[in-house]
Amino acid sequence: MAGVLVMLNVMKGLTDLEFERLYSTEEACIKALMVARREVGMACPSCSHTRNYLCGRRVGCTRCNRRWSVTAGTVMSGTKLPLTIWFRAMHIMTSTKQGVSAIELGRRLGVSYPTAWYLAKRLRRAMSEREARYLLGGSGPDGAPVVVEVDDVYLGGERNQGSGPGGKTRMIAATERYEDGRMGHVAMRTVVGFTSRAVRAFADTCLMPAVRVHTDGLKAFLAFGTPARSHVVTVSGSKRPSRQRTAPFHGLNTAIANLSTALKATHKAIAPQHTSDYLGAFCWTTNRRHNMFGMIPAACRAVATSSILTRRRAYAEIPVLLG
C-alpha cells in the first residue's frame with residue numbers, strides 16, 4: 001500500500017493548466033524567484049545589507065538604496081528574455097521523464113535554437129550546482145542507515161573494432177538503497193578512468209565519510225573501503241540482473257536504465273564537455289521525483305544558488321572529469 005501511495009505521488013505532477021494559472025504572468029514569476037532568493041539570502045552588492053524591497057524587476061536595498069536585477073548573480077544574469085519564458089522552460093524540462101531537446105524547447109517557447117540551447121544549458125548548470133551540495137548516505141525515512149550501491153558505466157559512443165569501448169564517456173553512478181529495497185537519492189559523475197584515484201575522488205565528492213558502500217568486483221572499487229566507510233563486494237558476473245526490488249543493485253540498474261532512456265529518446269549524442277550538466281540535471285530531477293508538484297519552486301531555489309554562466313564560457317567549456 002505504501003508503494004502505491006509513493007507511485008501516485010510521483011505520477012501527480014503540475015499540469016499545464018495549473019502551471020499557466022500559477023506562473024502565466026511576469027509578476028507571478030518575479031515573486032516566485034524573489035521568494036527563493038530571499039530564502040537563500042540576497043545581500044546588497046554595495047553594503048551587504050540583507051533587507052531589501054522589490055520594484056518591478058529590480059531589487060532595492062533598504063539601507064543604501066542600491067538597485068540590481070532580480071536575476072543578478074545567477075545563471076539568469078543578463079537575460080533579455082521574460083521570466084515567463086524561463087519558467088515555461090523549467091516546467092517543460094522538469095515535467096517529463098525523457099528530457100527535451102533544444103530544438104523542441106525552442107519550438108514550444110517560440111525562440112531560436114541558439115537561445116533555447118543556451119537557456120537549457122544554464123538551467124542544467126543551476127541544477128548541477130545545486131545537486132553538488134548533497135552527499136549520499138545517512139539515514140532513510142525510517143531512521144535506518146542506507147546502503148549506497150555503486151557501479152561503473154560507459155555512456156554513449158560506439159564500440160570500436162578492438163577490445164574495450166571506443167568513444168564512450170566513463171562515469172560512476174551511485175544510489176541510496178533503503179531497507180525495503182526502495183531507491184533513495186542518486187549521484188553520477190564522469191571520471192578520467194576506473195582507477196583507485198577516480199574512485200577516491202568520487203567518494204570524497206559524493207559520499208558521506210561513514211557509509212556502507214556496496215559494489216561489484218571491479219578492482220578499483222576497493223578504494224571505497226576506509227576505516228570509517230565499510231565496503232561490501234558482490235560479484236554479479238554476466239548474469240541478467242534480478243527484477244526483485246530487494247535484489248542487489250536493482251535501484252541502481254533502474255537509475256542507469258532511466259538515464260539511458262532519457263538520453264537516447266532525446267539526443268543523438270552528447271558532447272563530452274556538456275555531459276556533467278546532463279548528469280547533474282538528471283540526478284536533480286530524479287531526486288525530486290516524490291514532489292513533482294514542487295518542481296518549479298525547487299528550480300527557483302537552484303537558480304537562486306547558481307553562479308553566472310556566460311555564453312562564451314558555455315561554448316568554451318572542457319569536460320569535467322574526476323580523478
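The structure displayed is predicted, hence computed values, not measured ones.
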Indicate yes or no for a side-chain donor-acceptor contact from [X] to the backbone of [Y] under 3.5 Å, with no hydrogens or angles considered.
X: Ser24; Y: Arg21; answer: no
X: Thr261; Y: Ala257; answer: yes
X: Arg66; Y: Pro45; answer: no
X: Arg289; Y: Thr286; answer: yes
X: Thr169; Y: Pro272; answer: no

Report yes if the side chains of [X] and [Y] come closer than 4.5 Å at any heavy-atom pair, otherwise no.
X: Cys55; Y: Arg67; answer: yes
X: Arg189; Y: Val320; answer: no
X: Val111; Y: Leu119; answer: no
X: Met127; Y: Thr94; answer: yes
X: Val232; Y: Val213; answer: no
X: Leu259; Y: Leu155; answer: yes
X: Arg177; Y: His250; answer: no
X: Trp284; Y: Met295; answer: yes

How long is the span from the [atom1] atom in [X] to the [atom2] atom in [Y], to the nearest 0.5 Å?
X: Lys121; Y: Asp277; atom1: NZ; atom2: CG; result: 3.5 Å
X: Arg58; Y: Ile30; atom1: CZ; atom2: CD1; result: 11.5 Å
X: Glu129; Y: Leu309; atom1: CD; atom2: CG; result: 8.0 Å
X: Ile103; Y: Ser112; atom1: CD1; atom2: OG; result: 11.5 Å
X: Asn253; Y: Met183; atom1: CG; atom2: CE; result: 11.0 Å
X: Met208; Y: Glu176; atom1: CE; atom2: CD; result: 7.5 Å

> Any ion pair linking Arg288 and Glu131 (charged N to carboxylate O, less than 4.0 Å)?
Replying inline: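 The answer is yes: the pair qualifies as a salt bridge.
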> Does Arg88 pair with Glu20 as a salt bridge, N-O distance under 4.0 Å?
Replying inline: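 Yes, Arg88 and Glu20 are salt-bridged.
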Determine, using the 4.5 Å side-chain heavy-atom cutoff (strictly less than), whether [X] and [Y] are members of one ILVMFWY cluster.
X: Leu136; Y: Tyr178; answer: no
X: Met188; Y: Phe249; answer: yes
X: Phe87; Y: Val303; answer: yes
X: Leu81; Y: Ile92; answer: yes
X: Met42; Y: Trp86; answer: yes

Might you point out which heavy atoms bring [X] and [Y] nearest each other, and give the distance in Å?
X: Val153; Y: Ala173; value: CG2-CB, 4.2 Å
X: Gly251; Y: Glu149; value: N-OE1, 4.5 Å
X: Cys29; Y: Leu83; value: CB-CB, 3.8 Å
X: Phe221; Y: Asp152; value: CZ-N, 3.7 Å
X: Cys64; Y: Ser46; value: SG-CB, 4.2 Å
X: Val211; Y: Arg229; value: O-CG, 3.0 Å

> Can Arg122 be said to sit on top of Tyr118's aromatic six-ring, NZ or CZ under 6.0 Å from centre and within 45° of the ring axis?
Replying inline: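 Because its charged atom sits under 6.0 Å from the ring centre and within 45° of the axis, Arg122 does stack over Tyr118.
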> Does atom CG of Leu222 have more than 12 heavy-atom neighbours, drawn from other residues, nucleotides or ligands, at distances under 6.0 Å?
Replying inline: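 Enclosed.
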> Are more than 12 heavy atoms from other residues, nucleotides or ligands located less than 6.0 Å from atom CZ of Arg212?
Replying inline: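 Open.
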>> Run Leu322 and Thr190 through side chain to side chain contact (heavy atoms under 4.5 Å, CB included) and show every step you take.
In response: CA-CA 6 Å; Leu322 295 179; Thr190 53; over 6 Å; no
>> Walk me through whether Tyr315 and Thr310 qualify under side chain to side chain contact (heavy atoms under 4.5 Å, CB included).
In response: CA-CA 9 Å; Tyr315 281 108; Thr310 63; over 6 Å; no
> For the side-chain contact (heavy atoms from CB on, under 4.5 Å) test, which of Asp151, Val150, Thr234 pairs with Asp216?
Replying inline: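 That would be Asp151; it is the only one of Asp151, Val150, Thr234 passing the side-chain contact (heavy atoms from CB on, under 4.5 Å) with Asp216.
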>> Using the side-chain contact (heavy atoms from CB on, under 4.5 Å) criterion, which residues pair with Ser77? Sequence neighbours excluded.
In response: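 side-chain contact (heavy atoms from CB on, under 4.5 Å) list for Ser77, sorted by chain: Ile308.
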Quiz: residues 191-207 side-chain donor-acceptor pairs under 3.5 angstrom, not counting sequence neighbours:
residue	atom	partner	partner atom	Å
Thr195	OG1	Ala198	N	3.2
Thr205	OG1	Ala201	O	2.7

>> Does Val59 form a side chain to side chain contact (heavy atoms under 4.5 Å, CB included) with Arg37? I'd like the steps, not just the answer.
In response: CA-CA 11 Å; Val59 183; Arg37 297 214 64 181; over 6 Å; no
